[in-house]
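Following: one structure in structure tokens, then a few remarks.
Order of listing sets the numbers, starting from 1, for every ligand and every atom in it. FYI, side chains are in, hydrogens and waters are out, and symmetry mates aren't considered; it's all heavy atoms of this structure.
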Amino acid sequence: MKLILLGAPGAGKGTQAELICDRLSIPSISTGNMIREAIKNGTEMGKKAKEFVEAGKLVTDEVVIGIIKERLSEKDCENGFILDGFPRTIPQAEALDAMGVEIDTVLSIEVADEKIVKRMSGRRVCEGCGASYHIEYKQPKKEGVCDLCGGNLICRKDDAPETVLDRLKVFHEQTEPLKGYYEKTGKLKLVYGQEELSETTALVFKALGI
Ligand code: AMP
């Protein structure tokens with residue numbers, strides 16, 4: 001299955017991607033995680049991306065398309081993958097089409113802006129492997145420690161309330177038009193994010209028929 005997850009920052013794409021990845025044994029590819037890793041490692045790309053990410057802006061299409069092209073050519077993507085956070089603009093979607101990638105389903109997780117702002121303050125991410133947690137909705141077994149790799153759980157800089165508002169604006173202006181783009185292809189499915197994580201997951205799995 002080749003799947004795109006759409007949704008506002010904080011809608012739960014990363015969490016649902018991890019659960020789908022476990023169920024289907026296909027890789028979950030998060031451009032956000034890859035960019036954060038590059039920033040942490042101080043690579044050339046990381047240096048270019050840092051100020052955009054911290055300001056809640058999008059990294060340039062050229063950079064992100066390059067990352068995705070390379071990642072999708074790896075062997076573990078042969079049987080499918082989940083794209084979490086890509087594409088985020090129409091030119092990125094067009095670039096994916098131009099690569100000859102045939103997407104099966106585009107799933108949009110719908111969550112109202114007011115809820116997003118509230119949720120983001122409780123979000124935590126593992127600085128080691130990038131796994132996502134939430135202090136209310138998805139707690140780790142041990143506070144502050146990643147279940148998967150034992151890494152430290154931290155707040156993302158760009159989850160600060162003032163940056164979240166900028167990210168939501170960017171989402172509505174640049175990413176939301178992708179719903180229209182994919183609706184035309186008949187591949188778009190909408191799932192409404194619920195209060196309980198497990199309820200959203202049940203709706204996501206049902207929509208995907210898994
Ligand atoms: P995320 O973890 O998906 O919320 O991504 C965090 C940040 O990484 C975003 O706010 C952007 O600055 C950058 N980023 C991630 N994916 C993309 C993308 N497809 N296009 C442009 N910037 C991206």
Side-chain angles (χ1 to χ4, degrees), residues 3-18 20-21 27-41 43-72 81-99 101 103 106-109 111 113 115-117 119-134 138 153-179 181-182 193:
L3 176 67
I4 291 174
L5 288 184
L6 286 182
K13 297 186 298 294
T15 301
Q16 298 302 335
E18 284 163 19
I20 302 166
C21 158
S28 159
I29 299 171
S30 156
T31 40
N33 281 353
M34 291 164 86
I35 293 168
R36 276 186 290 281
E37 186 68 19
I39 294 176
K40 196 172 84 184
N41 295 333
T43 67
E44 271 316 301
M45 188 274 277
K47 283 182 201 153
K48 273 193 219 160
K50 191 170 191 277
E51 65 180 282
F52 291 99
V53 174
E54 289 184 355
K57 303 268 181 298
L58 294 185
V59 174
T60 61
D61 287 335
E62 194 197 348
V63 167
V64 187
I65 291 165
I67 301 178
I68 279 290
K69 225 181 221 169
E70 212 169 281
R71 181 64 186 89
L72 294 185
F81 46 79
I82 307 156
L83 292 178
D84 158 19
F86 183 95
R88 251 179 162 101
T89 63
I90 300 275
Q92 291 179 18
E94 288 169 347
L96 196 60
D97 290 342
M99 286 175 219
V101 175
I103 296 296
V106 178
L107 196 77
S108 175
I109 306 179
V111 178
D113 284 7
K115 281 197 189 161
I116 295 280
V117 177
R119 275 191 194 184
M120 298 291 254
S121 59
R123 187 151 93 152
R124 299 290 180 271
V125 52
C126 172
E127 65 177 354
C129 70
S132 44
Y133 296 87
H134 194 282
K138 192 189 173 209
L153 302 187
I154 55 164
C155 288
R156 279 169 48 177
K157 248 191 188 165
D158 58 342
D159 280 350
E162 55 286 6
T163 315
V164 169
L165 294 178
D166 287 336
R167 292 169 67 200
L168 278 172
K169 189 161 175 271
V170 169
F171 168 73
H172 290 302
E173 286 174 4
Q174 300 196 54
T175 306
E176 216 165 17
L178 286 175
K179 279 165 50 181
Y181 183 92
Y182 287 116

Next on the checklist: With heavy-atom distances below 4.0 Å as the criterion, list the atoms of ligand 1 near R167.
Outcome noted: 4 (O), 10 (O)

Checklist entry - Side chain, backbone, both or neither: which part of V64 has a heavy atom under 4.0 Å from ligand 1? => result side chain

Checklist entry - Is there a heavy atom in R36 that sits closer than 4.0 Å to ligand 1? => result yes

Checklist outcome for this item: Near K57 (heavy-atom distance under 4.0 Å), the atoms of ligand 1 are 11 (C), 12 (O)

Item to check | atom 9 (C) of ligand 1: the protein heavy-atom neighbour that sits closest, reported with distance to 0.1 Å | outcome: R88 NH2, 3.9 Å

Item to check | Distance-only N or O hit between ligand 1 and R156, under 3.5 Å | outcome: yes

Checklist entry - Does G85, backbone or side chain, put an N or O under 3.5 Å from an N or O of ligand 1? => result yes

Item to check | Among T31, I35, T60, closest by any non-hydrogen atom to atom 14 (N) of ligand 1 | outcome: I35

Next on the checklist: Is it the case that ligand 1 has an N or O less than 3.5 angstrom from some N or O of G56?
Outcome noted: no

Checklist entry - What heavy-atom pair brings L178 and P87 nearest, and what distance separates the two atoms? => result CD1-O, 3.2 Å

Checklist entry - Where is the nearest protein heavy atom to atom 22 (N) of ligand 1: which residue, which atom, and how far? => result V59 N, 3.0 Å

Checklist entry - Would you say Q92's side chain and R88's backbone share a donor-acceptor pair under 3.5 angstrom? => result yes

Next on the checklist: For the NZ atom on K50, are there more than 12 heavy atoms of other groups (residues, nucleotides or ligands in this structure) within a distance under 6.0 Å?
Outcome noted: no

Checklist entry - Above 12 or not: heavy atoms from other molecules or residues under 6.0 Å from NZ of K40? => result yes

Next on the checklist: Strictly distance-based, threshold 3.5 Å: is any side-chain N or O of K13 a donor or acceptor partner for the main-chain N or O of G7?
Outcome noted: yes

Item to check | Numbered atoms and elements of ligand 1 in range of Q92, under 4.0 angstrom, heavy atoms | outcome: 18 (C), 19 (N), 20 (N), 21 (C)

Next on the checklist: Tell me if the CD atom of E176 is crowded by more than 12 foreign heavy atoms within 6.0 Å.
Outcome noted: yes

Checklist entry - Does R123 reach the main-chain N or O of D159 with its side chain, forming a donor-acceptor pair under 3.5 Å? => result no

Next on the checklist: Using the rule given for salt bridge (charged side-chain N to carboxylate O under 4.0 Å, His left out), can you reason through K48 versus E62, listing the C-alpha separation, both sets of side-chain angles and the distance that settles it, and then say yes or no?
Outcome noted: CA-CA 12 Å; K48 273 193 219 160; E62 194 197 348; over 6 Å; no

Checklist entry - With only distance considered, is N33 within less than 3.5 Å of ligand 1 through an N or O on each side? => result no

Next on the checklist: Check this for me - ligand 1, D84, N or O atoms closer than 3.5 angstrom, yes or no?
Outcome noted: no

Next on the checklist: Consider side-chain contact (heavy atoms from CB on, under 4.5 Å). Of L6, T31, I68, which one does L83 pass it with?
Outcome noted: I68

